[in-house]
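What follows is a set of notes on a single structure, which appears directly below.
Residues take their numbers from the sequence shown, with the count starting at 1. Note: hydrogens, waters and symmetry copies are ignored here, and every other heavy atom, side chains too, is used.
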Amino acid sequence: MRRYLTYFCCCISALLGLLSCTQEQQEQHGGIISIRLATGGLQATKADTPGDRVVADGGGIYLDGSNNPDLVILIANNSSGDIVATYPGSGRDGVVNGICTDRSRTDAVLSFDFTTKAAGEYTVYAFGNTEGLWAMTYDPSDASISLSGSQLTTLISASQVEALRFVAQTRNTHGWEDAGHEVDYDDGAALLNGRLPVSAKAPLSVSAGKNGEAYLELLRCVAKVTAIIQNNTGEAMSLYNYKHTVHNINPNTGYVIPHENDFIGAPGNLVANPCSKYNLPDMTIPISTEGSQAYDWYVFPSEGPFNICITFTLFKNNVGGTEKTYTYNNLPVTDWRANDILTLARNQHLTVTTRISKGLTVSFNFQVTPWEEKTATVEFD
């Protein structure tokens with residue numbers, strides 16, 4: 001009940017804030033287009049400073065010291081396909097009229113002056129945490145086309161925006177790691193500038209009076225995979241020679257803006273092999289009594305079915321017990337009904353839990369959920 005009450009109160013607060021911003025914008029003059037943005041379905045942990053782990057996990061939008069968000073907005077005319085307005089400004093018509101956001105808000109509102117624009121149908125594209133966007137291209141056949149987040153406003157057409165994909169990664173057999181962990185298993189690409197990018201698109205209808213409104217929920221550009229090792233033996237334990245491979249779940253590229261068919265790129269594997277990486281054959285993963293270890297990776301949207309191979313050793317050299325090696329090959333990644341999990345979409349979270357119980361029995365659990373935290377409220381940080 002507390003969760004839903006908190007969510008309801010925060011929604012009312014956000015609505016009042018939106019009304020305040022909208023009223024202020026409408027009082028200025030007609031021909032105003034309002035773009036409302038929220039980090040839909042993302043975590044809501046508050047932060048005293050921008051750029052904390054919330055932004056690094058895509059759960060908020062970075063704000064600088066003046067409360068300016070790390071956002072790029074592109075508005076395309078559906079008839080011509082041209083980008084006709086941008087935020088930040090790029091010398092085109094449709095000057096941004098104002099932005100309303102602060103660290104207490106769960107959303108942002110931008111308004112554009114559309115008095116010189118034609119009535120009709122438009123498409124709004126939004127990008128958040130753009131300094132965290134990995135290199136992008138709208139023509140993968142031309143290696144010279146590589147854009148950073150700051151270059152998004154140089155795009156001139158909707159077709160370029162729709163074609164945007166991340167430049168193919170050469171290490172597609174490794175994970176996109178959460179750089180916040182002490183132990184990084186693989187050589188995957190780390191976050192850029194501590195910000196996980198998010199994006200969205202939405203239709204916009206501009207009336208004869210040159211007014212309109214679009215609402216966009218920004219979603220993470222990647223999915224997340226978490227491996228949890230749970231100790232239910234009743235005693236502290238150490239794992240040796242731990243290695244897991246999730247097959248077919250880590251393509252080498254993905255679209256920047258969500259697509260109906262969001263799965264592109266050459267399939268890859270997600271490999272965790274710390275002993276090999278650090279060349280430490282006696283490396284251990286210590287787990288306290290009833291404790292656990294969890295490790296995260298970012299991956300582009302992936303098509304399954306997926307399977308996993310896991311191996312580890314307990315009591316190596318008979319330290320603390322009889323040495324035993326556990327090996328599990330080609331375990332299907334399934335839901336609770338034992339059906340294959342066929343896709344892992346952007347903003348989804350796959351959790352693979354390995355439980356070691358009394359009697360040293362091992363069990364596995366797989367779960368795909370929306371990538372969100374326990375609270376339902378969100379904010380810009």
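Among pairs with a residue in residues 253-268, those fulfilling salt bridge (charged side-chain N to carboxylate O under 4.0 Å, His left out) read D262-R346, at least two apart in sequence or across chains. Screening residues 355-367 for side-chain hydrogen bond (donor to acceptor under 3.5 Å, both in side chains) gives no qualifying pairs among residues at least two apart or on separate chains. Residues in residues 145-156 take part in no salt bridge (charged side-chain N to carboxylate O under 4.0 Å, His left out) pair, two or more places apart or across chains. Within the structure, no pair that satisfies the salt bridge (charged side-chain N to carboxylate O under 4.0 Å, His left out) test touches residues 76-90, not counting sequence neighbours. For residues 125-134, the pairs satisfying salt bridge (charged side-chain N to carboxylate O under 4.0 Å, His left out) are E131-R195, with sequence neighbours left out.
Taking the salt bridge (charged side-chain N to carboxylate O under 4.0 Å, His left out) definition, one finds that E303 meets it with nothing, sequence neighbours left out. Qualifying side-chain contact (heavy atoms from CB on, under 4.5 Å) partners for A126, counting only residues two or more places apart in sequence or in other chains: L37, I73, L216, L218. Judged as a side-chain contact (heavy atoms from CB on, under 4.5 Å), and not counting sequence neighbours, the contacts of V352 are I308, L350, F366. For F312, the ring-ring contact (aromatic ring centres under 6.0 Å, His included) criterion is met by Y326, not counting sequence neighbours. Applying the side-chain contact (heavy atoms from CB on, under 4.5 Å) test to N77 and every residue at least two apart in sequence or in another chain returns S79, S80, V84, Y122.
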Without placing hydrogens or testing angles, list every side-chain donor-acceptor pair under 3.5 Å for residues 330-340, not counting sequence neighbours.
residue, atom, partner, partner atom, Å
D335, OD1, R337, N, 2.9
D335, OD1, A338, N, 3.1
D335, OD1, N339, N, 2.9

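Residues near I228 contribute nothing to a hydrophobic cluster around it, because no ILVMFWY side-chain heavy atom sits closer than 4.5 Å to its side chain.
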